[in-house]
**Student:** 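I have a structure here, written as structure tokens, and I will follow up with some questions on it.
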Amino acid sequence: MARLLVGLVAVAVAFSVYALVDCILFARARVRGLPKLVWVFIVLLFPVIGAVLWFLVGRGRENPRLQPVYRTVGPDDDPDFLGNLRAEPVTDAQLRELEQQLAEIDDDPDAGRADTGRSER
């Protein structure tokens with residue numbers, strides 16, 4: 001009989017702690033009946049009865065209308081992102097420099113190769 005009583009007390013304490021943690025972490029907008037702080041005090045002052053009341057009365061159901069809808073927007077559809085992309089105009093001097101570098105690479109076929117570190121014998 002004593003073991004049964006100890007087991008019931010352990011279950012009651014665990015249930016009350018679970019209800020208290022759930023009450024503290026629950027979204028304030030979904031709490032029904034009383035303010036959230038009052039529910040915390042009820043669960044603390046009346047451990048088992050307060051926990052049962054919390055789950056039956058205070059804990060509101062999820063309302064899909066109140067849930068925010070998140071939508072992934074690709075960067076090509078985001079006007080803010082596109083507004084921040086401004087390509088710097090290429091000047092004539094930069095174009096001439098690039099053309100000169102390409103011409104040098106075309107003239108010297110070994111210029112693009114990396115040195116392998118081997119010497120010819």
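What you see below is based on every heavy atom in this structure, not just the backbone, and it leaves out hydrogens, waters and symmetry mates.
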**Student:** Could you state whether Leu56 and Leu20 fall into the same hydrophobic cluster, counting links through intermediate Ile, Leu, Val, Met, Phe, Trp or Tyr residues with side-chain heavy atoms under 4.5 angstrom apart?
**Tutor:**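 Same cluster: Leu56 reaches Leu20 through Ile, Leu, Val, Met, Phe, Trp or Tyr contacts under 4.5 Å.
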**Student:** Is there a path from Val31 to Phe46 through hydrophobic residues (I, L, V, M, F, W, Y) whose side chains come within less than 4.5 Å of each other?
**Tutor:**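 Yes.
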**Student:** Let me know which of Val43, Val38, Leu44 forms a side chain to side chain contact (heavy atoms under 4.5 Å, CB included) with Val40.
**Tutor:**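 It is Leu44, the one option of Val43, Val38, Leu44 that forms the side chain to side chain contact (heavy atoms under 4.5 Å, CB included) with Val40.
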**Student:** If every non-hydrogen atom of Ala51 is compared with every non-hydrogen atom of Ser16, which pair is closest and at what distance?
**Tutor:**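 Nearest heavy atoms, Ala51 then Ser16: CB-CA, 4.3 Å.
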**Student:** Are any of the side-chain heavy atoms of Arg96 and Gln100 separated by less than 4.5 Å?
**Tutor:**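 Arg96 vs Gln100: side chains apart.
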**Student:** Ignoring hydrogens, what is the shortest heavy-atom contact between Ala12 and Val48? Give both atom names and the distance.
**Tutor:**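 Answer, listing the atom of Ala12 first, then Val48: CB-CG2, 3.7 Å.
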**Student:** So which heavy atom on Gly33 is nearest to which on Trp39, and how close?
**Tutor:**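 Nearest pair, atom of Gly33 first, then Trp39: C-NE1, 4.5 Å.
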**Student:** Can you tell me if CD1 on Ile49 sees more than 12 non-hydrogen neighbours from other groups inside 6.0 Å?
**Tutor:**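 At most 12 heavy atoms, drawn from other residues, nucleotides or ligands, come within 6.0 Å of this atom.
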**Student:** Would a hydrophobic clustering, with Ile, Leu, Val, Met, Phe, Trp and Tyr connected at side-chain separations under 4.5 Å, put Leu8 with Val6?
**Tutor:**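 The answer is no; the residues belong to distinct hydrophobic clusters.
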**Student:** Which distance, rounded to the nearest 0.5 Å, do you find between the CG of Leu102 and the CD of Glu97?
**Tutor:**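 One gets 11.0 Å once the value is rounded to the nearest 0.5 Å.
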**Student:** Establish, yes or no, whether a centroid distance under 6.0 Å links the rings of Trp54 and Phe26.
**Tutor:**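 Yes, close enough.
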**Student:** If you count every heavy atom of other residues, nucleotides or ligands that lies below 6.0 Å from Arg32 atom CZ, does the total exceed 12?
**Tutor:**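 Above 12, so yes.
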**Student:** Would Val11 end up clustered with Tyr18 when hydrophobic side chains under 4.5 Å apart are linked, directly or stepwise?
**Tutor:**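 No; Tyr18 is not reachable from Val11 via cluster members.
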**Student:** Look up atom CG in Asp106 and atom CD in Glu99, then write down how far apart they are to the nearest 0.5 Å.
**Tutor:**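 The distance works out to 11.5 Å.
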**Student:** Are Ile24 and Leu53 connected in a single hydrophobic cluster, I mean Ile/Leu/Val/Met/Phe/Trp/Tyr linked by side-chain heavy atoms less than 4.5 Å apart?
**Tutor:**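 Yes.
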